[in-house]
Structure formats: C-alpha cells, structure tokens
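For reference, the structure is listed below as structure tokens.
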Amino acid sequence: LVYRPITRSDFFHLKILQDHLFPVKYNDSFYEKLLTNFTIISILPSKQIIGVVTARFKKKKQGWSFFSYKTLKHAYIMTFGVAEIFRRRKIGSFLLQKMLELLCKENFDTVSLHTQAINIGAVKFYERFGFQKKDHLIDYYLIEGKLYDAI
C-alpha cells in the first residue's frame, strides 16, 4: 500500500470512495479545498483509493499548554474511512496515525472530530488513539431524513 497526500488527479476515485463511505455528498469545492488542507489517502498498487483521512485548520483558541495559557492551533478531522472490504487490516489505524503525526509536525496543539454517538466501534477506535468524549451533540447529523446525535 502507498500512503500519500491527495492530488487533483485523485478526485474522481476519491469521490467514488467517499460516496460509498459517507451519507453526505460533497461538492467539487470540497475536493478543491482538500488540496490546501491535510489529506492522506491509501492506494493499492492498482491505483484504487481504499482509504482516506482529511483534516483542516479549524481555529485558534485560548487554552492551557504546558502550564501556560496561550493561543492553541486546532485541527478538525473532517472525513475518515476505509473501504469496507479492506477494514480490519490496520489500514485505518495507519491512516489516522499518519494524520496525527502530520498534524503534530505542523505544530497543531489539539485535534478533534465527530462521530455518530451510536457508532460504538468508532468511539472505541478513537479512544485507542487518545481521543476523549467532550460534547454530546443532539441531532447533529441528518442522514436519509433521520437525525442522529454526535460525540
């Protein structure tokens, strides 16, 4: 497997993967913005994209860091997923680890994400990487006409 940043030539195949992974359909401007955000994809030798993690600079906020109060650089993981037939092979773990290493290298102080509150497998997965539940957001996601909470 190859893990690398996204290029414009990946858009077509990335759209196919994301359409299968996520109930949200992203427009072309979303993909254009990925070129200036942080995106890592996992590709088979056949050039099929089988995994993706995307993050963006969200905001700077005030907070405590190493016993001093300062402005913190915060990243938000927007999308993360692996094609179903390639799950349980540590591809997702590797993708997320690579993203966290990249964000650390870029001097981000904090990283956050949201997932459906009912997705216990995802919650446990993120907890293994040190993520902690902070907020419970009621009716955060609207998927196929039904509302779901997020954490």
Side-chain angles (χ1 to χ4, degrees), residues 1-24 26-137 140-141 150-151:
L1 289 176
V2 174
Y3 297 87
R4 66 167 173 77
I6 191 174
T7 63
R8 187 170 275 107
S9 64
D10 296 316
F11 286 2
F12 178 77
H13 295 288
L14 183 57
K15 286 178 184 181
I16 292 170
L17 175 66
Q18 294 213 142
D19 282 349
H20 283 93
L21 291 175
F22 310 118
V24 176
Y26 297 101
N27 60 30
D28 290 341
S29 68
F30 172 85
Y31 292 96
E32 285 294 326
K33 288 176 185 174
L34 293 181
L35 295 172
T36 58
N37 285 307
F38 302 96
T39 303
I40 301 173
I41 54 176
S42 177
I43 303 176
L44 293 173
S46 65
K47 305 222 185 282
Q48 178 187 1
I49 299 173
I50 61 168
V52 61
V53 58
T54 65
R56 67 176 167 84
F57 174 74
K58 188 169 181 184
K59 62 182 173 181
K60 290 186 177 180
K61 59 183 179 180
Q62 299 294 327
W64 288 97
S65 177
F66 298 107
F67 306 108
S68 65
Y69 197 73
K70 69 173 202 164
T71 300
L72 302 174
K73 191 175 173 184
H74 178 72
Y76 178 74
I77 294 180
M78 299 182 295
T79 65
F80 172 58
V82 174
E84 191 169 350
I85 64 171
F86 293 100
R87 292 181 189 163
R88 303 239 174 254
R89 300 181 191 191
K90 304 289 184 194
I91 295 167
S93 295
F94 196 80
L95 271 170
L96 185 56
Q97 186 62 44
K98 285 289 183 193
M99 179 58 77
L100 295 175
E101 289 171 5
L102 173 63
L103 295 173
C104 185
K105 182 179 171 187
E106 294 290 328
N107 298 312
F108 281 87
D109 298 294
T110 61
V111 180
S112 68
L113 55 82
H114 290 109
T115 191
Q116 286 183 337
I118 62 171
N119 191 342
I120 303 304
V123 172
K124 289 182 180 189
F125 175 83
Y126 294 128
E127 287 174 340
R128 286 196 303 271
F129 281 87
F131 286 90
Q132 300 172 355
K133 296 177 204 172
K134 183 177 177 187
D135 298 316
H136 187 104
L137 306 171
Y140 184 81
Y141 293 109
I151 53 175

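- Within a 6.0 Å radius of NE2 in H20, no more than 12 heavy atoms belonging to other residues, nucleotides or ligands are found.
- Among I50, L100, I40, the single residue meeting the side-chain contact (heavy atoms from CB on, under 4.5 Å) criterion with L95 is I40.
- Here the closest heavy-atom approach between residue A150 and residue Y141 is recorded as CB-CE1, 3.5 Å.
- The two residues R4 and I43 make their nearest non-hydrogen contact at NH2-CD1, 3.1 Å.
- Relative orientation of the F22 and Y26 rings is perpendicular, given thresholds of 30° and 60° on the angle between their planes.
- With rounding to the nearest 0.5 angstrom, the CG atom of L35 is 4.0 Å from the CZ atom of F11.
- Looking only at distances, a side-chain donor or acceptor of N27 sits under 3.5 Å from a matching main-chain atom of S29.
- The 12-atom threshold is not exceeded at NE2 of H13, counting heavy atoms of other residues, nucleotides or ligands nearer than 6.0 Å.
- When all heavy atoms of A122 and T115 are compared, the closest pair comes out as CB-OG1, 3.6 Å.
- Although no hydrogens or angles enter the test, the distance criterion places a donor-acceptor pair under 3.5 Å between the side chain of D10 and the main chain of T7.
- Listed here is the closest heavy atom pair of S42 and I91: OG-CG2, 3.8 Å.
- Put simply, the side chain of K133 never gets that close to the backbone of V123: no donor and acceptor are under 3.5 Å apart.
- Contact between F80 and F125 at its shortest, heavy atoms only, is CE2-CE2, 3.4 Å.
- Looking at every heavy atom in both residues, I41 comes nearest to I6 through CD1-CA, 4.4 Å.
- By the 6.0 Å contact criterion, NZ on K15 is enclosed, its count of non-hydrogen atoms from other residues, nucleotides or ligands being greater than 12.
- F57 contributes atom CZ, which lies 6.0 Å from atom CZ of F108 (distance to the nearest 0.5 angstrom).
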